[in-house]
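Quick notes on the structure that follows.
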Amino acid sequence: MKSSSPSCTNPRSVNLSKGKKYGLIVSLIVIAGGLIYLGLGQFGQNLVYFFTPSEVVSFSPAYYGKKIRVGGMVVKGSVQVVPNTLKLNFTLTDGAATIPVEFEGIPPDLFKEGKGAVVEGYWDSQKQFHSNLIMAKHSEDYMPIEMKRAGVQLPKKDLLKTLQQ
Amino acid sequence: MIRWIRKYEGWFGASGAICIAIGLYFGLVASPPDSYQGEVVRIMYVHVPFASTSMTAYGVLTVASLWYLWKRDPIIDNLAHATAGIGVFFTSGALFTGSIWGKPTWNTWWTWDARLVSFTILLLILIGYLMLRTFIEDKEREARYAAILAIVGAVDLPIVHFSVEWWRTLHQPLSISQRGVAIAGVMLYPLIFMSVGFYLLFTYMVGVRTQMLYLQQLLEAKKGRLLGEVHL
């Protein structure tokens with residue numbers, strides 16, 4: 001873009017030669033194409049915000065003790081509160097594999113059994129996940145309580161299915 | 001163009017205010033709390049309009065920039081310049097309200113997921129656009145370079161929109177998509193009123209700002225001519 005003509009001092013007279021016009025268009029396409037490639041290709045595959053339980057279970061020892069995020073559904077009936085502590089044990093699933101999570105801290109209000117959660121922490125050689133931070137992953141459907149009680153289902157993405165992709 | 005804006009801008013502002021007033025009543029009073037999130041869901045009624053208006057603002061900026069490169073009409077450049085400035089307001093608004101919504105629901109103000117990062121890049125592009133404009137002396141060159149930056153930056157728009165569908169994110173997927181509408185009717189009405197209100201408000205703000213930039217340029221041109229006469 002440095003090749004702008006020096007004849008642009010007068011704001012009204014713009015005479016880009018044909019070659020320069022094509023050059024401009026071609027360079028625009030090249031830049032845009034490059035960004036799209038970066039955005040969709042290489043970059044997209046490395047862009048992992050959280051791992052799934054299946055991926056965590058098959059981790060190599062190189063990953064042990066490393067700070068990672070894991071996302072999944074909290075298994076119904078798995079949440080156990082350790083009395084007189086801030087500790088909480090539960091299992092996280094993606095439908096295929098489950099991992100046990102040992103949590104110490106304050107869980108968010110939206111952390112519930114059967115709902116999505118992303119936990120931050122590390123996976124150890126004992127096949128146990130340790131976490132100090134739970135983030136609730138809520139779904140994109142919104143409805144009043146009466147509709148929920150009536151069992152209405154709104155069209156939404158199935159979290160379990162997306163986790164298995 | 002300026003005459004058209006002067007004639008109709010008041011209507012946009014007034015109807016926007018009415019829509020937002022109705023939307024706020026529906027959103028804060030008449031609509032029920034969400035079955036899962038409770039009262040916190042009401043933040044959606046400002047967050048989503050902020051976000052969708054900022055996406056539209058960038059879309060308008062892109063079209064105006066293309067139009068400018070094609071026709072070289074200084075008024076279109078003023079329009080693009082105005083859109084970018086107003087876009088910064090709406091984009092930051094979306095980030096702030098999203099942050100306020102994220103703390104009680106997700107348990108975090110900010111996280112490095114694809115949606116949040118790509119949307120913040122959109123804000124940075126807009127700020128960069130405004131900065132670039134202040135660096136260049138020559139008016140025509142300023143407009144041309146800025147237009148090119150805006151067009152290249154438009155690559156981010158689809159990335160922002162589809163980030164929640166393409167990648168694993170903490171942000172929930174699209175509520176309104178090919179799958180259908182995942183928002184119950186009683187909660188959809190306030191959202192529609194607020195969104196339409198925000199679009200009208202955006203149009204009004206861009207109209208006012210475009211006039212300001214146009215008049216500023218006129219003033220500078222006149223000043224230049226007067227100074228030239230003095231020196232002669």
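Chain A is the first sequence line, chain B the second, and so forth, proteins listed ahead of strands; every chain is numbered from 1.
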For the candidates [options], which exhibits the highest count of non-hydrogen atom pairs separated by less than 4.5 Å from chain A?
| options | result |
| --- | --- |
| B:Ser31, B:Ala182, B:Ala184 | B:Ala182 |
| B:Gly185, B:Ser177, B:Ser175, B:Ser118 | B:Ser175 |
| B:Gly180, B:Ala143, B:Pro173 | B:Pro173 |
| B:Thr105, B:Ile183, B:Val41, B:Thr108 | B:Thr105 |

Side chains of [X] and [Y], heavy atoms from C-beta outward: is any pair under 4.5 Å?
| X | Y | result |
| --- | --- | --- |
| B:Tyr36 | A:Lys112 | yes |
| A:Arg69 | B:Leu170 | no |
| B:Gln172 | A:Lys156 | no |

Contact part of [X] toward chain A, heavy-atom cut-off under 4.5 Å: side chain, backbone, both or neither?
| X | result |
| --- | --- |
| B:Gln37 | both |
| B:Val181 | backbone |
| B:Leu174 | backbone |
| B:Val117 | neither |

Listed by number, the residues in residues 121-146 of chain A that come under 4.5 Å of chain B (heavy atom to heavy atom) are A:Leu133, A:Ile134, A:Met135, A:Ala136, A:Lys137, A:His138, A:Ser139, A:Glu140, A:Asp141, A:Tyr142, A:Met143, A:Pro144, A:Ile145

Where the side chain of B:Arg179 meets the backbone of A:Pro155, is there a donor-acceptor pair that is under 3.5 Å apart? no

Looking only at heavy atoms, the pair that brings B:Asn107 and A:Ile106 closest together is ND2-O, 4.1 Å

